[in-house]
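The analysis underlying the following values was restricted to heavy atoms, covering all of them including side chains, and did not include hydrogens, waters or symmetry mates. Naming: A, B, ... by sequence-line order, numbering from 1 per chain.
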Protein chains: 2
Amino acid sequence: MTLTGELIIGNQDVSRETTFHARAAATGEVLPVAFSCATSDDVRKACSLADTAFDSYRATSLGMRAAFLEAAAEEFGAVGDVLCERAHLESGLPMARLIGEAGRTVGQLKMFARLLRDGRCVGSLVDPALPDRSPSPRPDLRQTGIGVGPVAVFGASNFPLAFSIAGGDTASALAAGCPVVARAHPAHPGTGELAGRAIQRAVVRCGLPEGVFSLLGGPDLTVGRELVRNSLIMAVGFTGSRQGGLALMREAASRPVPIPVYAEMSSINPVLLLPAALGARAEALGAAFVMSMSMGAGQFCTSPGLILAIESEGFQRFRSAAVEALAGVAPQTMLTAGIHDAYLAGVRSVAGRPGVTLLGRGPDAGPHECHSALFAADAQIFLEDPTLSHEIFGSCSLIVSCADEAALFAVLRSLEGQLTATLHLDEPDTGLARRLMPVLERKAGRILANGWPTGVEVCDAMVHGGPFPATSDPRTTSVGAKAIERFLRPVCYQDLPAALLPGVLAEF
Amino acid sequence: MTLTGELIIGNQDVSRETTFHARAAATGEVLPVAFSCATSDDVRKACSLADTAFDSYRATSLGMRAAFLEAAAEEFGAVGDVLCERAHLESGLPMARLIGEAGRTVGQLKMFARLLRDGRCVGSLVDPALPDRSPSPRPDLRQTGIGVGPVAVFGASNFPLAFSIAGGDTASALAAGCPVVARAHPAHPGTGELAGRAIQRAVVRCGLPEGVFSLLGGPDLTVGRELVRNSLIMAVGFTGSRQGGLALMREAASRPVPIPVYAEMSSINPVLLLPAALGARAEALGAAFVMSMSMGAGQFCTSPGLILAIESEGFQRFRSAAVEALAGVAPQTMLTAGIHDAYLAGVRSVAGRPGVTLLGRGPDAGPHECHSALFAADAQIFLEDPTLSHEIFGSCSLIVSCADEAALFAVLRSLEGQLTATLHLDEPDTGLARRLMPVLERKAGRILANGWPTGVEVCDAMVHGGPFPATSDPRTTSVGAKAIERFLRPVCYQDLPAALLPGVLAEF
C-alpha cells in the first residue's frame with residue numbers, strides 16, 4: 001500500500017498542483033509524499049457526491065450497513081504495518097500506543113456494525129392504529145431515526161487513528177446512514193490517506209454509491225471552513241482545540257440553515273482526593289497521577305490537569321510522591337511543533353502567575369519533546385485567576401490545595417464544563433462524596449471513582465462528552481453506542497402503506 | 001379561583017407597579033385584571049430559585065416526579081370552567097376547541113408521568129465490570145440521563161393551554177428533572193396565570209422545593225430576552241414565529257455558555273394529491289382540504305398551506321370543490337390583532353405577486369376574524385418567487401399546479417424544512433409515491449398518507465418537529481415521548497460505589 005498524496009473524491013483519486021508536506025514530529029523534517037490541496041471545486045464535488053449518495057445509502061438495510069462497517073474494519077486492519085509506521089512518523093506517538101489505537105479503531109467500526117445488526121440503535125417506535133377509539137380513531141404511527149444528511153468529519157491531532165478519518169465520528173455517521181466528507185488533519189495526511197483508502201475500498205467492495213465517503217486535505221483552515229459552509233453538509237464532527245471548535249460553531253450557526261457541530265474541545269478533568277483515601281495511600285496516588293498525567297505526553301482530552309484536596313499531611317505526601325514520580329517520566333515527542341509551542345507558552349504563563357509555585361518538572365526534554373511540569377496553588381489563588389482553569393494541552397497539571405470543604409466546593413463550582421471528574425475515596429469519605437456528587441454531575445459527562453480519567457472504554461454506557469466547553473452539546477457523546485444519535489433525526493410515518501415504509505418499520 | 005395578575009416566583013405571589021392588560025380577541029376590548037410586569041430582579045430571582053431547586057428536584061425518584069406530574073394534571077383539571085372561559089376571551093378560540101385542548105394538556109402531563117413510572121425514558125444503560133478481561137479489565141460503567149438544568153418555556157399564542165404554561169414543553173422539562181421558568185404569552189396572561197397556579201399548587205402539595213416552577217410575564221420581549229441570557233437557564237422551549245425563534249436562537253448562541261433553543265417556528269405543510277387519488281375523489285379531497293386549512297382560523301403549525309398536484313381534470317375538480325367549500329367556512333376570531341394584521345398583510349402580498357390567481361375567499365369576516373383566502377399558481381411561478389413559500393399564519397393556502405412529475409419534484413426539492421408532508425394516494429399511485437418518499441423524508445418530520453396534517457396525536461411515535469426552519473433542531477420533537485430527550489443529558493458513572501449512584505442506576 002503506497003501513499004499517493006491524492007484526494008479521495010468518491011471513487012476518484014484526484015491530484016492537484018498545489019501540494020503540502022507533513023513533517024516528522026520527532027525531528028521536524030519534511031516527510032516524503034506531496035499531498036494535494038483540495039480546491040473549492042473539490043469541496044463542492046465531494047459534498048455533491050455525498051448528497052447524491054445519501055438517499056440510496058440511507059435506504060440500505062441495517063444489515064447491509066453493518067456489512068459495510070465490517071468491510072471497512074477489515075480493510076483498515078489489512079493496511080498493515082505501514083499505517084502505524086506512518087502514524088508514528090507523523091504524530092510521534094509510540095508504536096505500541098498506535099497499534100493499540102488501530103485495534104480500537106477496528107473495534108469501534110465493529111461495535112457500530114453490531115449495533116446495526118441489533119436494530120435498536122435507530123430507535124424505532126410503533127403506535128398501532130386504534131380504529132375504534134372514541135371520540136376519534138388513532139391513526140397508525142411509526143417512528144424511526146434516519147440520517148441527518150452528509151456529515152463533515154474533522155480528524156483529531158491526538159488520535160490519528162481512533163478519532164480521525166476512520167474513527168468514531170466517521171463510524172457513527174456511516175452507521176446512521178450519513179455519507180462522510182472527511183478532512184484529514186494537516187499534521188498527518190499520510191495516516192489519513194491510508195485510513196481513507198481503506199474506507200474507499202470498503203465502499204467499492206460493498207457496491208455502495210460513490211460519494212458515501214470522500215477525503216479532502218489541505219495545510220490550513222480553508223477546506224474545513226468551506227466544508228462547514230457547504231449547504232449540503234448537515235452536521236459536523238470535530239475533536240480539537242477550543243478555538244477551532246468555537247470557530248466551526250460560529251460558522252455553522254451563521255449559515256442560512258444552521259447545522260449542529262459536535263465539537264469535543266476543552267477539559268481539565270478535575271481529580272478530587274478525599275481525606276481518607278489520601279491518608280491511606282497518598283504515595284500510590286501520587287505515582288499513579290503522574291503516570292496518567294504524562295501518558296502520551298499528556299495529549300489526551302481526558303488528561304488530569306487539576307488535582308484538588310483539602311490540605312493535610314496526606315496531601316503533602318501526595319505532592320512529594322508526585323514530584324518524585326515526575327523525575328522518572330521519560331520525555332515523549334509531542335504531536336506537532338505548534339502543539340509543542342502552545343504547551344511551552346501555557347507552562348510559561350502558569351509559571352508567571354502570582355501565587356503559583358512550580359512543584360517540579362520532568363527530566364530534560366529534547367526540542368520536540370514534552371517537558372512535564374507540575375504546579376501548585378491554593379484555592380484562593382485559583383478562584384481569583386481564571387487563566388489557571390484553562391486547559392494546557394500536554395503533560396502539565398496544577399495541584400490546588402483547599403483550606404476546608406467550603407473552599408473545595410467553591411473551586412468545583414467555579415469550573416467550566418468537563419469531560420470527566422474523578423473521586424478518590426475510601427469508605428469514610430462517602431458522606432463528603434455524596435455532597436460532592438450533585439456538583440460533579442452538573443460539571444462533567446463522566447464521573448469516576450478510584451481510577452484515572454485517561455482511558456475511555458468503548459461501550460454502550462460510555463459518555464465522552466460534557467457541558468460546554470468540554471463539548472458544544474452536552475446531550476451527546478463522541479464515544480460509545482449513543483454517538484450514533486448525533487447523526488439521526490426521527491421521522492414519523494402516519495398511516496403509510498407498507499410499500500412506502502422504511503424497511504425497519506415495515507416489518508412490525 | 002380568582003385571577004390576581006401576580007407573578008409566580010417560587011412559592012411567592014408577587015405584584016409590581018407596572019402592569020399590562022390583556023385584550024379580548026373577539027372585540028379588542030381591554031379585559032379585567034392588571035398583570036404585573038416582571039422586573040430584571042424578578043427574572044434573576046426566579047432563575048436563582050430554579051437553580052437552587054434543581055439538585056434536589058432532579059434527585060427525586062422517577063415515581064415522585066410522576067406523582068408530581070399527576071398532581072399537576074389534577075390541579076390543572078380542577079381549575080374548572082374559568083380556565084377555558086378566560087382562554088376563550090383572551091384567544092378567541094371556540095370553547096369546544098379549548099375544552100378539548102384542556103383535556104389534551106391533562107393527557108400530556110399524565111403521559112409523561114406514565115413514561116417516568118415506566119423508567120425507560122431516562123435511557124439507563126449498564127456495562128458491568130469485566131475484572132478478568134485481558135489485556136485490561138473493564139470497569140463498571142453505568143449511564144443515565146439527568147436534567148440539563150433550569151429550562152425557560154415560552155407559551156405559544158395558538159395553543160394557550162397545550163403548548164403553553166402547563167403544556168408539552170413544561171411537562172417534558174419537569175419530567176426530565178428540570179425546573180421551569182415559564183414566560184406567559186402576553187396575549188393570554190390570565191390563562192397563563194390560571195395554569196401556572198395549578199402547577200404552583202402541585203409543587204407545594206408534593207413538598208417539592210420552591211423554584212421548581214415560576215411564571216413571569218410582561219407585555220413585550222424584555223422578560224424573554226433576559227431569561228434566555230440568564231446564565232442559570234440551560235435550555236429553552238419555544239413555539240411561535242420564525243422571527244421570534246431566530247431571535248432567541250441568536251441570543252442563546254451568543255451567550256458565553258451557548259444553550260440549545262428548541263424552537264418550533266415555521267411550516268407550510270405541503271400536501272401532494274397523486275393522480276389516481278385525485279381522479280377518484282377530487283371533490284371529497286377539496287372539501288376536506290378546506291376543513292383542515294380553515295380549522296382554528298388556520299392558526300395551526302400544521303395547517304396545509306401548499307397543495308401540489310400534476311395538472312389534470314381531477315385537479316380542476318379539486319379546485320372547484322375547494323372554492324365551493326370555502327364559501328361555507330364560518331369566519332373565526334383570530335388570536336390577536338397583531339396576528340390578524342400579519343395575516344392580512346400576507347394575503348395582500350401573495351395577491352399582488354405576478355402569476356398568482358385568487359381562487360376564492362371565505363364569507364365576509366368581522367374586524368377581528370379571519371377572512372380565508374385561496375390562491376393558485378403554477379410551478380414555474382412558485383419556483384421563481386421565494387416569497388410564495390413563506391408561511392402565512394391563518395386560513396390561507398396556495399394551490400400549485402405542476403405540468404409534470406419533473407415540476408412536482410422541482411417544487412418539493414425547493415422547499416425549506418417542514419413539520420409535515422402529506423400524500424393522498426390510491427394503489428396506482430404507489431410507484432410515484434415511492435419515488436417521492438426520499439424527498440419528503442428529507443423535508444419533513446412527519447409524513448402522512450390519506451389524512452390531513454392538522455391534528456397531532458400525543459403518543460410515543462409522534463414527531464412534531466422537522467428540518468430547519470420547521471424547528472431549530474430536527475433531531476427533536478416537542479410532542480410525544482421523545483420530547484423529554486431535549487432536556488436530558490447523559491452522565492456516565494465509572495466504578496462508583498452504590499451509595500453514590502443515582503437511584504435508577506443503583507438498582508441494577
Side-chain angles (χ1 to χ4, degrees), chain A residues 55 59 125-127 136 138-139 141-143 146 148-149 249 253 257-258 260 416-417 423 425 430 433-434 437-438 441-442 444-451 457 459-463 465 467-469 472-477 481-482 485-486 488-497 499-500, chain B residues 55 59 125-127 138-139 141-143 146 148-149 249 253 257-258 260 416-417 423 425 430 433-434 437-438 441-442 444-451 455 457 459-463 465 467-469 472-477 481-482 485-486 488-497 499-500:
Chain A
D55 287 330
L125 292 167
V126 175
D127 288 305
S136 60
R138 180 170 79 182
L141 291 151
R142 295 161 190 242
Q143 182 192 117
I146 71 170
V148 295
M249 285 169 71
V257 174
E416 297 185 299
L423 288 167
L425 78 168
T430 305
R434 284 182 71 112
M437 282 301 289
E441 286 175 320
R442 285 195 192 210
R446 178 163 59 113
I447 301 170
L448 303 82
N450 295 326
E457 184 74 29
C459 62
D460 283 6
M462 176 50 63
V463 176
F468 183 91
S472 52
D473 185 342
R475 293 157 303 157
T476 63
T477 172
K482 272 178 83 81
E485 295 178 11
R486 300 175 297 168
L488 290 170
R489 47 173 274 258
V491 174
C492 174
Y493 301 82
Q494 180 171 326
D495 278 341
L496 257 71
L500 300 182
Chain B
D55 287 330
L125 293 167
V126 175
D127 288 304
R138 180 169 80 182
L141 290 151
R142 296 162 189 241
Q143 181 192 118
I146 72 169
V148 294
M249 285 169 71
V257 174
E416 297 185 299
L423 287 168
L425 79 166
T430 306
R434 283 184 73 112
M437 283 301 290
E441 286 175 320
R442 286 197 192 208
R446 178 165 57 113
I447 301 170
L448 304 81
N450 296 325
E457 184 74 30
C459 62
D460 284 6
M462 177 49 63
V463 175
F468 183 90
S472 52
D473 184 343
R475 292 158 303 157
T476 63
T477 172
K482 273 179 82 81
E485 294 178 12
R486 300 175 297 168
L488 289 170
R489 46 173 276 257
V491 174
C492 174
Y493 300 83
Q494 179 171 327
D495 279 340
L496 256 73
L500 299 183

Counting only heavy atoms closer than 4.5 Å, note whether B:L488 contacts chain A via side chain, backbone, both or neither. backbone

Given that the side chain runs from C-beta out, which part of A:A444 has a heavy atom under 4.5 Å from chain B: side chain, backbone, both or neither? backbone

Does B:R434 CZ have over 12 foreign heavy atoms under 6.0 Å away? no

Do A:R475 and B:R475 touch side chain to side chain, with heavy atoms closer than 4.5 Å? yes

By a 4.5 Å heavy-atom criterion (distance strictly below it), what part of B:P469 contacts chain A: side chain, backbone, both, or neither? neither

Counting heavy-atom pairs under 4.5 Å to chain A, which of B:A433, B:A253, B:G445 comes out on top? B:G445

Does any non-hydrogen side-chain atom of B:M462 lie less than 4.5 Å from one of A:Q143? no

Leading residue by heavy atom contact count with chain A [cutoff under 4.5 Å; candidates B:P260, B:A461, B:A449, B:P258]: B:A461

Part of B:N450 lying under 4.5 Å from any heavy atom of chain A: neither

Any side-chain heavy atom of A:L496 sitting closer than 4.5 Å to one from B:I447? yes

What residue, out of B:P139, B:A481, B:A59, B:P467, has the most heavy-atom pairs lying under 4.5 Å from chain A? B:P467

Could you check if a side-chain atom of B:V463 sits within less than 4.5 angstrom of a side-chain atom of B:T476, using non-hydrogen atoms only? no

If you count heavy-atom pairs under 4.5 Å with chain A, which of B:D495, B:T430, B:D55 comes out on top? B:D55

Using non-hydrogen atoms only, which part of A:T477 is less than 4.5 Å away from chain B: side chain, backbone, both, or neither? neither

The salt bridge (Lys or Arg N to Asp or Glu O under 4.0 Å) partners of A:D127 (sequence neighbours excluded) come to none

Charged N to carboxylate O below 4.0 Å: is that the case for B:R486 and B:D473? no

